[in-house]
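Working notes, structure below.
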Amino acid sequence: MGTFALMALVDHLSDSATAVGGILAFRLIPAAVGGTLAAKLVHKWDRRRTMIIMDLLRAAMIAAVPFVQELWWVYLWALAIEAPSVVFLASRDSAIPELVDETDLPLANAAMMGSSYGNIPIGAGLFAMFAALPLDGGWLGAHPYALVFFIDGLTFVLSAYFIARIATLKPVSQQSSAHQSPAEATPAEATSGEATVGTRGLRDAWAIPLVRRVLPATAAAAVGLGALFSLGIKLVREELGASDTQYGILIVLFGVGAGAGLALAHRSRHLDLLVLTRRGAIAMGALVALMSQSPTIWLAFLGAVGFGAGATVALTSGISALQSRILLEQERVLAFSAFHVVIRIGLGIAALGAGAVGDGLNEAGLAGSRLVLLASGLVVLASAATVRPVLDAEQAR
């Protein structure tokens with residue numbers, strides 16, 4: 001919800017797709033590149049206390065955004081918020097092996113994935129609801145999206161409350177190595193692996209055959225999502241004459257499609273997981289391309305449902321393939337790390353690049369949003385086409 005509010009506020013202040021994409025890049029890339037350092041910093045800290053402090057810091061930071069209506073101020077806080085966010089993620093990831101049995105780690109990985117990305121459509125729906133409230137008078141009416149930021153701040157307070165109820169988590173350095181399982185030996189890497197892989201780690205992950213087959217679709221999903229989030233607000237506002245609320249509805253319908261995608265993936269579980277991954281990514285690319293040429297908001301709404309379904313099928317099938325077919329724990333850690341880092345970096349770079357190119361085309365008198373979304377859809381299609389069913393010899397790896 002806060003990310004959508006930041007993007008809408010930047011668009012309100014700048015009227016620039018590049019600026020909007022920059023917000024998404026600021027929210028995603030720092031966590032991807034700084035996670036390893038953060039994991040080392042929290043190695044000696046009480047992780048429960050660290051997570052509570054980071055949540056309360058973020059609550060205060062996000063609540064400060066509406067007080068100054070300047071672009072530099074919004075960017076300052078969007079970037080600053082990521083510092084405690086990176087520390088929080090490292091603390092959270094390192095705590096999971098201590099809270100679940102080793103046999104439950106794959107399920108915990110899936111739960112982390114769901115909490116990280118499954119809340120996107122829920123947040124979009126809440127943003128649309130609060131942005132539609134009539135606040136013409138008073139201080140709130142003069143500060144766009146202030147109510148959204150304040151409510152977002154409260155969600156961090158709520159998170160801190162739940163974390164405070166967890167038993168104290170010892171610093172990793174105080175845990176006895178004799179009682180550690182292989183998964184606990186590198187705790188920041190043993191769970192979702194989000195934001196914990198450096199350049200060498202990505203190269204090692206790429207050496208795993210199954211990762212080479214899954215990551216193209218993962219990158220394709222990130223490109224499609226990043227471009228749509230960056231330019232979608234421009235498409236519906238300027239090309240289709242829609243409002244903030246209709247933009248929120250567009251993303252909510254993406255969430256509806258995501259729910260349908262979960263059901264579809266479950267019903268199709270008898271198929272090869274990489275076949276499902278490829279089909280989901282192909283659907284994403286085709287629908288982004290079609291949405292870019294939509295003459296009415298209603299057709300864009302329909303496309304959003306299909307896009308959400310395709311994205312969910314692609315991502316969940318890719319995760320399931322990594323969970324079920326990579327048997328070595330160390331390789332599974334690398335695979336999940338690469339999966340999350342590629343999504344984060346891909347989202348950020350795609351959003352920033354799509355926005356910049358879209359603005360440049362608009363200045364040249366062309367329909368930048370439509371053209372860039374069309375091109376991104378074709379890129380997704382090309383990437384998805386490279387995903388091939390895994391060979392039997394690689395399944396055993």
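No donor-acceptor distance shorter than 3.5 angstrom exists from the side chain of Ser268 to the backbone of Leu271, with no hydrogens or angles considered. Of the possible donor and acceptor atoms, one in the side chain of Arg212 sits under 3.5 Å from a partner among the backbone N and O of Ala207. A donor-acceptor distance shorter than 3.5 angstrom exists from the side chain of Ser292 to the backbone of Ala289, with no hydrogens or angles considered. Arg48 places a side-chain N or O within 3.5 Å of a backbone atom of Ile166 that can act as its donor or acceptor partner. With hydrogens and angles disregarded, a donor-acceptor distance shorter than 3.5 Å links the side chain of Arg370 to the backbone of Ser294. A donor-acceptor pair under 3.5 Å is formed between the side chain of Asn362 and the backbone N or O of Gly368.
Interatomic distance, CD1 of Ile81 versus CG of Leu76, reported as 9.5 Å (0.5 Å rounding). Met291 CE to Met284 CE: the interatomic distance, rounded to the nearest 0.5 Å, is 10.5 Å. Here the OG1 atom belonging to Thr50 is positioned 11.0 Å from the CG atom belonging to Asp55, to the nearest 0.5 angstrom. With values rounded to the nearest 0.5 angstrom, Leu126 atom CG is found 10.0 Å from Asp152 atom CG. Interatomic distance, Leu9 CG to Leu71 CG, rounded to the nearest 0.5 Å: 8.5 Å. Taken from CG in Leu274 to CG in Asp272, the straight-line distance is 5.5 Å, to the nearest 0.5 Å.
Shown here for Ile52 and Ile163, the closest heavy-atom pair between the two residues is CG1-CG2, 3.9 Å. Nearest approach of Leu240 to Ala300, heavy atoms of both residues: CD1-CB, 4.1 Å. The two atoms that bring Leu299 and Pro295 nearest to each other are CD1-CD, 3.5 Å, heavy atoms only. Across all their heavy atoms, Gly153 and Ala59 have their closest contact at O-CB, 3.3 Å. The two residues Gly261 and Thr312 come nearest to each other via the heavy atoms C-CG2, 3.9 Å. Between Ser369 and Leu235, the closest heavy-atom pair is OG-N, 4.1 Å.
Taking 4.5 Å as the limit, every side-chain heavy atom of Phe127 sits out of range of all side-chain heavy atoms of Thr3. Side-chain contact check for Ile62 versus Met1: every heavy-atom pair is 4.5 Å or farther apart. Between Leu13 and Trp73, the closest side-chain pair of non-hydrogen atoms is not below 4.5 Å. The shortest distance between side-chain heavy atoms of Pro84 and Met61 falls below 4.5 Å.
Looking at residues two or more places apart in sequence or on another chain, you find a ring-ring contact (aromatic ring centres under 6.0 Å, His included) between Trp298 and Phe301.
At a threshold of 4.5 Å between side-chain heavy atoms, the hydrophobic network of Ile, Leu, Val, Met, Phe, Trp and Tyr places Leu154 and Trp77 in two separate groups. Cluster membership check: Ile151 shares its hydrophobic cluster with Phe156, using side-chain heavy-atom separations under 4.5 Å among Ile, Leu, Val, Met, Phe, Trp and Tyr. Each of Ile208 and Leu273 belongs to its own hydrophobic cluster when Ile, Leu, Val, Met, Phe, Trp and Tyr are linked at side-chain heavy-atom distances under 4.5 angstrom. Cluster membership for Leu378 and Leu371, using ILVMFWY side-chain heavy atoms within less than 4.5 angstrom, is not shared. No continuous path of hydrophobic side-chain contacts links Val313 to Val275 [ILVMFWY only; heavy atoms under 4.5 Å].
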Practice item. Show your reasoning for whether side chain to side chain contact (heavy atoms under 4.5 Å, CB included) applies to Leu374 and Gln293. Key: CA-CA 8 Å; Leu374 175 61; Gln293 305 304 307; 3.9 Å; yes

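In this pair, His12 and Tyr145 present their aromatic rings perpendicular. The plane angle is above 60°, beyond the 30 to 60° band.
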